[in-house]
Amino acid sequence: MYTPHPDRYADMPYRRTGRSGLKLPALSLGLWHNFGPDRPVDVQRAILRRAFDLGVTHFDLANNYGPPPGAAESALGDALKADFAHHRDELIVSTKAGYLMWPGPYGEWGSRKYLLSSLDQSLGRMGLDYVDIFYSHRPDPETPLEETMGALHSAVQQGKALYVGVSNYSAEQTREAARILAELGTPLLIHQPRYSMLDRRPEDEGLLDALDELQVGSIAYSPLEQGLLTGRYLDGIPEDSRAASDSPFLSADTVTEDLVGRLRTLDEIAKSRGQSLAQLALAWVLRGGRVTSALVGASSPRQLEDSVEAVASLDFTEDELTRIDAVVRA
């Protein structure tokens, strides 16, 4: 039987999410990859247990995570039952709905029909009565935002979610979503944008400014830019890497000689701080406290441990930030 480490809360920083009472660990575990039937169950369980031992109390999912879709939620459900049955109230479990899950006109996007049906299915796969955070995974260009936000509000009213969030919404869409939810009486808790040293859109397009104004939290996904910032590509494209596969998220064309040169310079900055490139990238996202938490994936407990070491050094000098910007924005 799994017994959590007694000092699991000693070293992980926890940050308040917006103006809510909820705190999230600086690093959260995303179950986007590595939690499907193609991965050994014992490794999946070991990653989840090690995460909790390190103070990573937030497990982030979506209905379509796997592969196949739904597999990650089922895997977490098995682990919750086996290892965490007595620790549910120490965990933050989040899920999302927005992408294709089943055929027909009601199997994706942002209708009330789809969102609430999907949430019921997610709860069934995980064996839970409620999730802590339920997200609209992407804006729907056809469904009125009032309907989508109304469905999130209903999930809270029905006791199936404690908080609600949005992901992949623009600054303008986020402001409107927050306004609608406030009128309904269910505050917008958090936004999940893609954000990394190499992808500055939340800064450049005003999203982080909007979240500051709204006092809404944020959790960054892909802070390691699909593996580019892990150090795996410092010598080109490894044969077993995502860029060498048929992954729709990272193509070989992306890994140019210029990019590899920039990655090597960033790695030098990381070494000067006593960090790996991945740790530098995670610390950069978390710098200054504007981002509540950064989402990391893990294919092994050791990889997760390496990521968690980043929280020991989150401060940057102005010179370091200037050097990083000179590399990335040149």
Side-chain angles (χ1 to χ4, degrees), residues 17-18 20 30-32 60-73 92-126 128 130-195 201-202 205-207 210-211 214 216-222 248-249 295:
T17 311
S20 76
L31 278 68
W32 183 16
D60 178 82
L61 302 99
N63 56 359
N64 65 327
Y65 287 179
E73 290 178 331
I92 301 298
V93 177
S94 61
T95 196
K96 314 175 197 71
Y99 287 92
L100 182 64
M101 279 299 290
W102 59 85
Y106 320 118
E108 64 178 327
W109 293 109
S111 71
R112 180 180 183 86
K113 167 73 172 174
Y114 167 69
L115 290 175
L116 295 180
S117 296
S118 177
L119 178 56
D120 284 341
Q121 292 183 25
S122 293
L123 293 174
R125 284 189 288 266
M126 292 186 285
L128 295 175
Y130 70 94
V131 292
D132 297 276
I133 307 171
F134 181 48
Y135 289 88
S136 168
H137 205 165
R138 60 174 173 171
D140 185 337
E142 296 183 346
T143 299
L145 192 56
E146 288 81 1
E147 178 175 341
T148 301
M149 294 304 106
L152 298 185
H153 171 67
S154 291
V156 174
Q157 294 299 104
Q158 293 168 5
K160 296 176 181 178
L162 301 185
Y163 302 93
V164 299
V166 297
S167 181
N168 299 307
Y169 279 52
S170 69
E172 181 180 357
Q173 290 166 333
T174 301
R175 285 191 173 93
E176 183 64 7
R179 182 193 66 77
I180 294 167
L181 285 167
E183 291 180 354
L184 293 171
T186 296
L188 178 63
L189 174 79
I190 194 167
H191 188 298
Q192 187 173 132
R194 179 167 177 160
Y195 183 43
R201 284 175 295 176
E205 297 175 3
L207 178 61
L211 298 179
L214 296 167
V216 169
S218 60
I219 178 166
Y221 76 87
S222 292
F249 305 108
L295 274 171

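No hydrogens, no waters, no symmetry mates; every other heavy atom, side chains included, goes into these values. All values derive from a computational prediction rather than experimental measurement.
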Report the distance from atom [atom1] of [X] to atom [atom2] of [Y], rounding to the nearest 0.5 Å.
| X | Y | atom1 | atom2 | value |
| --- | --- | --- | --- | --- |
| E108 | Y99 | CD | OH | 10.0 Å |
| L61 | R125 | CG | CZ | 10.0 Å |
| E73 | M126 | CD | CE | 4.5 Å |
| S170 | E176 | OG | CD | 10.5 Å |
| M149 | L184 | CE | CG | 9.5 Å |
| T95 | Q121 | OG1 | CD | 11.0 Å |

Side chain to side chain contact (heavy atoms under 4.5 Å, CB included) assessment of V131 paired with L119: CA-CA 9 Å; V131 292; L119 178 56; 4.1 Å; yes
Are [X] and [Y] packed together at the side-chain level, in the sense that at least one heavy-atom pair is separated by less than 4.5 angstrom?
| X | Y | answer |
| --- | --- | --- |
| T186 | L152 | no |
| S122 | F134 | no |
| W109 | E142 | no |
| T17 | I219 | no |
| Y106 | S111 | no |
| Q173 | H191 | no |
| R175 | L214 | yes |
| L189 | L162 | no |

Any residue meeting salt bridge (Lys or Arg N to Asp or Glu O under 4.0 Å) with D140, in chain and number order, not counting sequence neighbours: none
All salt bridge (Lys or Arg N to Asp or Glu O under 4.0 Å) counterparts of E183, not counting sequence neighbours: R179
Stepwise side chain to side chain contact (heavy atoms under 4.5 Å, CB included) check, S117 with W102: CA-CA 11 Å; S117 296; W102 59 85; 4.1 Å; yes
Modelled atom types, side-chain donor and acceptor of N168 and Y221, under 3.5 Å: yes
Exercise: do Y169 and S136 side chains pair donor with acceptor under 3.5 Å: yes
Donor-acceptor under 3.5 Å (R138 side chain, G98 main chain): yes
Crowding at CD, Q157 (>12 non-hydrogen neighbours, <6.0 Å): yes
Can you give the donor-acceptor pairs under 3.5 Å from side chains of residues 62-72 to other protein atoms, not counting sequence neighbours?
from: N63; atom 1: ND2; to: Y114; atom 2: OH; distance (Å): 2.8
from: N63; atom 1: ND2; to: S118; atom 2: OG; distance (Å): 2.8
from: Y65; atom 1: OH; to: K96; atom 2: NZ; distance (Å): 3.2

For the residue pair [X] and [Y], what are the closest heavy atoms and their distance?
| X | Y | result |
| --- | --- | --- |
| S94 | D60 | OG-OD1, 2.8 Å |
| W32 | S222 | CZ3-OG, 4.2 Å |
| A151 | L115 | CB-CD1, 3.8 Å |
| A161 | Y130 | N-CB, 4.3 Å |

Test side chain to side chain contact (heavy atoms under 4.5 Å, CB included) applied to T174 and L188, step by step: CA-CA 9 Å; T174 301; L188 178 63; 4.0 Å; yes
